[in-house]
Amino acid sequence: MAKGLLIVLSGPSGVGKGTVCNELRHRLPDLVYSVSATTRQPRLGEEHGVNYFFKTREQFMDMIDNDQLLEYAEYVGNYYGTPRDFVEQTIESGKDIILEIEVQGALKVKEKFPEGIFVFLLPPSLDELKGRIQGRGTESQATIDHRMSVAADEIALLKNYDYAVVNDEIDLACKRIEAIITAEHCKIRK
Ligand SMILES: Nc1ncnc2c1ncn2[C@@H]1O[C@H](COP(=O)(O)OP(=O)(O)OP(=O)(O)O)[C@@H](O)[C@H]1O
Ligand SMILES: Nc1nc2c(ncn2[C@@H]2O[C@H](COP(=O)(O)O)[C@@H](O)[C@H]2O)c(=O)[nH]1
C-alpha cells in the first residue's frame, strides 16, 4: 500500500495556521491532524488531547529522553513537540497527516522526512500579522511582542520550504493548500 503524505504547515504566530487547519478539517475529512505536546498553559476552551497534550516540563523532558518526539522546539518560553508514533503509524497506514508547527521544528522534520511537503503560510503584511495576534486576544502584550520579534527571522526561512501560501483570505488559502495536496498525490516520484 502507498504511504500517506506528511504535510508540514508552518508560519509565524498569528498568521492563521490553526484557522486554516480547522477549515481544512471540514473540507478534507480524511486528512489526519497531529496533536502536539506542549508545556504552554491551556487557553480558555482548549482541551487536553484535542488542541494539545498539555505537559509539565518534567513530563516533556521525559518524552524527549524516551525518544517519543519526532521533533521539538523551545518557542517563546515554552516547549512544543510532535509525538512520533502517531505520525509514523498514520503515514504507514496510507493516510495523509498534517503537522502545524513552528519553523525550527519544521526544519528538524525535514532532516528526518525530506520527502515531506513543507508549506509556509505567509501574512499579507507584518502589520496585518500583528493585528491578527492582537485581535485573537489570547496572549499578553509581552508575549505578542516576543512572538512578533521572531516573526521576521521565521519568514526568512521560507526558502527551505516547498510552497508559500499567502493567507489573505481563509477560503483562498485553503484552496491553495488543497491544490498542493492534490498535485502531490499526482506527482511521479522518481
Ligand atoms: N485570512 C484571515 N483573515 C483575517 N483574519 C484571519 C485570517 N486567518 C486567521 N485569521 C485570524 O487571525 C488570528 C490568528 O489566527 P490563528 O490562531 O489561526 O493563527 P496561528 O498561526 O495558528 O497562530 P499561533 O501560531 O499563535 O497558534 C485569529 O483571530 C483568526 O481568526
Ligand atoms: N516545533 C513545534 N512547534 C509547534 C508544535 N505545536 C505547535 N507548534 C507551534 O508553536 C507555536 C506557538 O503555538 P501556540 O499554540 O502557543 O500559539 C505555533 O507556531 C505553533 O504552530 C510542535 O509540535 N512542534
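Every heavy atom of this structure was used, including side-chain atoms; hydrogens, water molecules and symmetry mates were not. Being a predicted model, the structure only gives us computed values, none of them experimental. We count residues from 1, following the sequence as given. We count ligands from 1, going down the list as the structure has it; atoms in each ligand are counted the same way.
Residue contacts with ligand 1: T19 is placed with a nitrogen or oxygen under 3.5 Å of a nitrogen or oxygen of the ligand (distance criterion only). Residue-to-ligand polar distances keep R43 apart from ligand 1: every N/O pair is separated by 3.5 Å or more. Residue G135 places no N or O, backbone or side chain, under 3.5 Å from any N or O of ligand 1.
Scanning the protein for heavy atoms near atom 14 (C) of ligand 1, the closest one is G14 O, 3.5 Å. Scanning the protein heavy atoms around atom 26 (O) of ligand 1, the nearest turns out to be S13 OG, 2.6 Å. Closest to atom 27 (O) of ligand 1 among all protein heavy atoms lies R136 NH1, 3.5 Å. For atom 22 (O) of ligand 1, the nearest non-hydrogen atom of the protein is G18 N, 2.8 Å. Shortest contact from atom 1 (N) of ligand 1 to any protein heavy atom: N167 OD1, 2.9 Å. For atom 19 (O) of ligand 1, the closest non-hydrogen atom of the protein is G16 N, 3.1 Å. For atom 3 (N) of ligand 1, the nearest non-hydrogen atom of the protein is R132 NH2, 3.2 Å. Given atom 20 (P) of ligand 1, the protein heavy atom at minimum distance is K17 N, 3.5 Å.
Ring-plane geometry between F54 and H48 is classed as tilted, the angle between the planes lying from 30 to 60 degrees on a 0 to 90 degree scale.
Contact annotation: N22 has no heavy atom less than 4.0 Å from any atom of ligand 1. Not close to ligand 1: E102, with no non-hydrogen atom less than 4.0 angstrom away. In this structure, P12 is part of the shell of residues with a heavy atom less than 4.0 angstrom from ligand 1.
Atom numbering of ligand 1 starts at 1 in the shown order; those under 4.0 Å from a heavy atom of D168 are 1 (N). Heavy-atom proximity to E169, at under 4.0 Å, picks out these atoms of ligand 1: 1 (N).
Tested against I181 for a side-chain contact (heavy atoms from CB on, under 4.5 Å), the candidates L28, V119, L24 yield a single pass: L28.
Using a 4.0 Å cut-off between heavy atoms, V20 makes no contact with ligand 1 at all. Within the 4.0 Å heavy-atom criterion, the part of E100 lying near ligand 1 is the side chain and not the backbone.
Within 4.0 Å of ligand 2, counting heavy atoms only, the contacting residues are K17, S36, R40, R43, Y52, E71, A73, Y75, Y80, G81, T82, E100, I101, E102, G105, R147.
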